[in-house]
Novice: 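Here it is, the structure in full.
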Amino acid sequence: RMGGRRSWLILLLLFSAAKWSEVAAEKGFEKETTSSEQADGSVNKTAKIEGLLKEVSSLREKRYSYDGSKSWEKVVFDLLGEAEQLGSSAATEIKGDLYLLGEGIAQSFPKALKYFQKSADSGNPKAQLQLGYMYSSGFHKNGSIAKDEPLSLLHYYFAALGGVEEAQMVMGDRHLHGYGVPKSCNAAIKYYLKVAQEVVSLHTEKSIVKPIELVRLSNENARNHKLEETEDVIQYYQHSADAGNAEAQVALGQLNFYGARGVTQDTNAAAKYFRLAAAQGNAAAMSSLAQMHIQGLGVEGSNETAFKYFEEAAAKGDSSAQNGLGFMYLHGYGTKKDQKKAMKYFKKSAEQGNVDAQFNLGAMYFAGMGVDVDYGAALQYFTLAAHQGHIRSLFNLAQMHMNGLGTVQSCPIAVKLFKSVAERGQWAQVLSSAHKNYIRGDHGTAFIKYSRAADQGYEIAQSNVAWMLERQEGYPFQDLNSVALSQLLRAAKQGNVDAHRLIGDHYYYGMSQDGVPNYEEAARHYTLAGEQKNAHANFNLGFMHQYGIGLPFDLHLAKRFYDLALESSPEAYVPVQLALFGLHIHQYFLNVKEWWESNTGIASTGSSSKEDKDSDSGSNSEKLDTDSDDNLSWEDILLLVACGFLAVLIFFRSRRVT
């Protein structure tokens, strides 16, 4: 019976297909016209959406300088509403982002969640990323959004499957360190490799990649320095350039070419300034012009003209031009291909430390271009370039460590290198954007941006989040210390030495343990930081040994750590000298106690400190080198009285100051 039913179904489908073919044949022209119209309509709708979202992006960049007649919020939401009507789920996700950041509108986590969920339900993987972040961070008001790590992981996973680079970085970081998922180097490398490949594809010879400017908020000078050049500085460059200063012309050319330091990217203006400087014989300008002719940016694309400029600048010893000339010979651009000459110019340039030349030499040895294949030499040159942050060298070096070419196969080294490449993608611009928000006093928006980057594994973002939390900036909830500690622990795992010292402070003062100090754990982290020559950590270890807090009472070890603090940083001179002064007073006090007991036979009264007990038991019977005898002289007693008077004076003076 089932077989008969299946036969009837097949016959029905065949009959329907035949009838559809007849109708299609009769109305073929009409069908083709309708399809064409639908395709055109779809293309037009897509273009319309892209135009609307591009306009929104521009308005977001210029929010602080917006001066339109309508409110910024109304203009942006009208554009997003129009895009939504055309079926754009990306527009819905952007609405959620605005509410999450509180960008131009009142911050609302519940509204952000609603829009992200709506966009994700429409299949937008970027919205999945946003949901993953919200559930991971546990942002909520009145308990409307509960922290849910499994749900966060699920959203991040689907976003990563959808090709969202930031989500792939989150998954890579979690597998690398075992955050909520099994710790697996192979799983981490799978995610980071995808992102790294995308980054490398953007860094081709014919692309302009805007430099990423990173700022560590704990650095006061960097923290308060705007990434944009001030108008006065730009005017100074402009005036100098107009007066014929070739260096100023090159500087303006670079700013316009890359669109850096707040200058709008303008390759035509860049070419103009480079030409002016090149006319004066400036080799750097010639090399930059040659590169622009290769790329066809701001000037006519011409390998011959590029070769001419490279040749002239290389004759002046410019390393970039020498590398460029080697590149032209290697590929036969504007001249006859000659791998020996390419090797010659690459080596000349590399000897001057040119990172691109070091990469090109590595590539030649790796592929055997003009030379025998030599993975050892390739590894050497890629390593030299990688130490200077050259992206393609980092990627190739990671590949060699992953596959064991020219070196021992090592997944841990390879994954760290791939991670380093992945973190240089244009999505890292959010860190520059966060700093701009911070400078303008928009701490809430800055915090969210840093926090999202921290979830993606950026160590500098994790440190900045912790720094803001310690100052109660930008975070609207009460669990400041526990969140700060979690970020510091993540930063410490990535090699941030000062993070260990700050973790030690958290445990020492009981900031994240319900007010209960954990001196042993504090000492452990201070020791980890001190081993890396952190002056503050060594000073703290000295203090803990001096008073027997979490470490054995030992004045000699205390002095040793104070000395190490001074060796680690000359800036520690004043606090170390004061600490050593106090240490000697401490030793004198113990001497007085011993003298009193030995000459009177009466034990000292009062509370007995831990160090007194240790001293009595003989654990620290040997005295510091203070040039004193066992019995105190009158000079020693007078010195103690003077020190006591000085301490009282400092105490009352500090009270007056506060």
Novice: Under the 3.5 angstrom rule, does the side chain of Arg471 hit a backbone N or O of Trp467 as a donor-acceptor pair?
Specialist: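 Indeed, once roles are kept as given, a pair shorter than 3.5 Å links the two residues.
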Novice: Count the heavy atoms of every other residue, nucleotide or ligand shown that sit under 6.0 Å from OH of Tyr573, and state whether that count exceeds 12.
Specialist: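 At most 12 heavy atoms, drawn from other residues, nucleotides or ligands, come within 6.0 Å of this atom.
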Novice: Does Ala160 offer a backbone N or O that forms a donor-acceptor pair with the side chain of Gln168 under 3.5 Å?
Specialist: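 Between the backbone of Ala160 and the side chain of Gln168 there is a qualifying donor-acceptor contact (under 3.5 Å).
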Novice: What's the verdict on salt bridge (charged side-chain N to carboxylate O under 4.0 Å, His left out) for Arg452 and Asp455, showing C-alpha distance, side-chain angles and the deciding distance?
Specialist: CA-CA 5 Å; Arg452 287 195 295 205; Asp455 228 21; over 6 Å; no
Novice: How long is the gap from OH on Tyr133 to CD on Glu166, to the nearest 0.5 Å?
Specialist: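 The CD atom of Glu166 is 13.5 Å from OH of Tyr133, to the nearest 0.5 Å.
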Novice: Give a yes or no answer on whether the side chain of Glu165 reaches the backbone of Val199 with a donor-acceptor pair at less than 3.5 Å.
Specialist: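 Such a contact is absent between Glu165 side chain and Val199 backbone.
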Novice: Are the side chains of Ser451 and Ser137 in touch, meaning some heavy atoms are under 4.5 Å apart?
Specialist: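 Yes. Closest side-chain heavy atoms under 4.5 Å.
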Novice: Please check if the side chain of His177 supplies one atom and the backbone of Lys183 the other of a donor-acceptor pair under 3.5 Å.
Specialist: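 Judged by distance alone, no pair lies under 3.5 Å.
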Novice: Could you walk me through whether Lys419 and Glu423 pass the salt bridge (charged side-chain N to carboxylate O under 4.0 Å, His left out) test, one step at a time?
Specialist: CA-CA 6 Å; Lys419 181 177 187 291; Glu423 290 181 346; 2.5 Å; yes
Novice: Under a 4.5 Å cut-off applied to non-hydrogen side-chain atoms, are Leu431 and His435 in contact?
Specialist: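 They are not in contact (no side-chain heavy atoms under 4.5 Å apart), so the answer is no.
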Novice: Checking side-chain polar atoms at under 3.5 Å, does Ser486 have a donor or acceptor matched by the opposite partner on Arg490?
Specialist: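 The answer is no; no qualifying pair exists.
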Novice: Below 4.5 Å, heavy atoms only, C-beta onward: do His545 and Pro552 meet side chain to side chain?
Specialist: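 Side chain of His545 against side chain of Pro552, heavy atoms only: contact under 4.5 Å found.
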Novice: Got a second to check how far Tyr526's OH is from His536's NE2, nearest 0.5 Å?
Specialist: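 One gets 6.5 Å once the value is rounded to the nearest 0.5 Å.
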Novice: Hey, what do you get for CG (Leu379) to CG (Leu384), rounding to the nearest 0.5 Å?
Specialist: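 These two atoms lie 9.5 Å from each other.
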Novice: Would you confirm whether the ring centroid of Phe561 sits within less than 6.0 angstrom of the ring centroid of Phe539?
Specialist: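 Aromatic pair excluded; centres sit 6.0 Å or further apart.
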Novice: For the residue pair Cys185 and Pro412, what are the closest heavy atoms and their distance?
Specialist: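 Closest approach of Cys185 to Pro412: SG-N, 3.6 Å.
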Novice: Write down the atom of Ala466, the atom of Gln487, and the distance for their closest heavy-atom approach.
Specialist: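 So the two residues come closest at CB-CB, 4.3 Å.
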Novice: Please find out if less than 6.0 Å separates the ring center of Tyr507 from that of Tyr519.
Specialist: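 That pair fails the under 6.0 Å test.
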Novice: May I ask you to check whether over 12 heavy atoms, not counting those of Tyr99, lie within 6.0 Å of atom OH?
Specialist: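 More than 12 within 6.0 Å, yes.
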Novice: Quick check: does any side chain N or O of Lys449 sit under 3.5 Å from a backbone N or O of Asn437, one acting as donor and the other as acceptor?
Specialist: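 It does not hold such a pair.
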Novice: Under the criterion side chain to side chain contact (heavy atoms under 4.5 Å, CB included), I'd like the reasoning laid out for Thr527 against Glu531: C-alpha separation, chi angles, the key distance, then a yes or no.
Specialist: CA-CA 6 Å; Thr527 301; Glu531 289 172 352; 3.7 Å; yes
Novice: Under a 4.0 Å threshold between the charged nitrogen and the carboxylate oxygen, would Arg216 count as salt-bridged to Glu459?
Specialist: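 The answer is yes: the pair qualifies as a salt bridge.
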Novice: Please give me the minimum heavy-atom distance between Ala398 and Leu417, naming the atom from each residue.
Specialist: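 Looking at all heavy atoms of both residues, the closest pair is CB-CB, 3.5 Å.
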Novice: Do His525 and Leu502 pass the side chain to side chain contact (heavy atoms under 4.5 Å, CB included) test, and can you show the C-alpha distance, the side-chain angles, and the key distance before you say yes or no?
Specialist: CA-CA 8 Å; His525 283 282; Leu502 292 169; over 6 Å; no
Novice: Show the nearest heavy-atom pair for residues Ala422 and Val195, with the distance to one decimal.
Specialist: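 For Ala422 versus Val195, the nearest heavy atoms are CB-CG1, 3.6 Å.
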Novice: Measuring only between side-chain heavy atoms, which start at C-beta, is Ser568 closer than 4.5 Å to Asn538?
Specialist: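 Yes; the side chains approach each other to less than 4.5 Å.
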Novice: How many angstroms lie between CZ in Phe359 and CZ in Arg392, if you round to the nearest 0.5 Å?
Specialist: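 Between atom CZ of Phe359 and atom CZ of Arg392 there are 4.0 Å.
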Novice: Answer yes or no: is there a donor N or O on one side and an acceptor on the other, between the side chain of Arg524 and the main chain of Glu520, under 3.5 Å?
Specialist: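 Pair absent, no side-chain N/O of Arg524 close to backbone of Glu520.
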Novice: Where the side chain of Ser152 meets the backbone of Asp148, is there a donor-acceptor pair that is under 3.5 Å apart?
Specialist: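 Such a contact is absent between Ser152 side chain and Asp148 backbone.
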Novice: Taking the side chain as every heavy atom from C-beta outward, state whether Gln388 and Gln358 have any atom pair closer than 4.5 Å.
Specialist: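 Yes, at least one pair of side-chain atoms sits under 4.5 Å.
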Novice: Taking all heavy atoms of Ala454 and all of Ala461, pick out the closest pair and write down the distance.
Specialist: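 Here Ala454 and Ala461 meet closest at N-CB, 3.5 Å.
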Novice: Check whether any side-chain heavy atom of Phe382 lies under 4.5 Å from a side-chain heavy atom of Ser393, and answer yes or no.
Specialist: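 The answer is yes, as the side chains (C-beta and beyond) meet within the 4.5 Å cut-off.
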Novice: Going through the checks in order, is the side chain to side chain contact (heavy atoms under 4.5 Å, CB included) test met by His556 and Arg560?
Specialist: CA-CA 6 Å; His556 290 284; Arg560 178 186 173 191; over 6 Å; no
Novice: Step by step, work out the ring pair (Phe, Tyr, Trp, His ring centres under 6.0 Å) result for Phe543 and Tyr547.
Specialist: CA-CA 6 Å; Phe543 182 87; Tyr547 294 100; 4.9 Å; yes
Novice: Before we go on, tell me: are the rings of Phe418 and Phe395 under 6.0 Å apart, centre to centre?
Specialist: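 Between Phe395 and Phe418, which both carry aromatic rings, the centre distance is below 6.0 Å.
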Novice: Between Tyr475 and Met468, is there a side-chain heavy-atom distance shorter than 4.5 Å?
Specialist: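 No, too far: nothing below the 4.5 Å cut-off.
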Novice: Is Glu571 atom CD crowded by more than 12 heavy atoms from other residues, nucleotides or ligands, each under 6.0 Å away?
Specialist: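 Open.
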Novice: Look up atom CD in Glu470 and atom CG in Asn481, then write down how far apart they are to the nearest 0.5 Å.
Specialist: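 Rounded to the nearest 0.5 Å, the CD-CG separation comes to 8.0 Å.
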Novice: Could you measure the distance from the NE2 atom of His584 to the CG atom of Leu555? Nearest 0.5 Å is fine.
Specialist: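 His584 NE2 to Leu555 CG: 10.0 Å, rounded to 0.5 Å.
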Novice: Could you tell me whether a side-chain N or O of Tyr192 sits under 3.5 Å from a main-chain N or O of Asp173, the two making a donor and an acceptor?
Specialist: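 Side chain of Tyr192 to backbone of Asp173: a pair is present.
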Novice: For residues Lys493 and Tyr179, report the shortest heavy-atom separation together with the two atoms involved.
Specialist: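 Closest heavy-atom pair between Lys493 and Tyr179: CD-OH, 3.4 Å.
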Novice: Taking the six-membered ring of Tyr156 as reference, does the cationic atom of Arg174 (NZ for Lys, CZ for Arg) lie under 6.0 Å from its centre and within 45° of its axis?
Specialist: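 No - Arg174 does not lie over the ring of Tyr156 by the 6.0 Å and 45° rule.
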Novice: Are Asn534 and His500 close enough, and set up right, to give a side chain to side chain contact (heavy atoms under 4.5 Å, CB included), and what steps lead you there?
Specialist: CA-CA 10 Å; Asn534 184 284; His500 278 296; over 6 Å; no
Novice: Look at the side chain of Ser410 and the backbone N and O of His401, then say whether any donor-acceptor pair between them is shorter than 3.5 Å.
Specialist: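 Not at all, since once roles are kept as given, no pair shorter than 3.5 Å links the two residues.
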Novice: Using the rule given for ring pair (Phe, Tyr, Trp, His ring centres under 6.0 Å), can you reason through Tyr438 versus His443, listing the C-alpha separation, both sets of side-chain angles and the distance that settles it, and then say yes or no?
Specialist: CA-CA 5 Å; Tyr438 185 87; His443 294 165; 4.5 Å; yes
Novice: Does any non-hydrogen side-chain atom of Met511 lie less than 4.5 Å from one of Leu485?
Specialist: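 Side chain of Leu485 against side chain of Met511, heavy atoms only: no contact under 4.5 Å found.
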Novice: Under a 3.5 Å cutoff, is there a donor and acceptor pairing between the side chains of Asp442 and Tyr64?
Specialist: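 Present: a donor and an acceptor within the cut-off.
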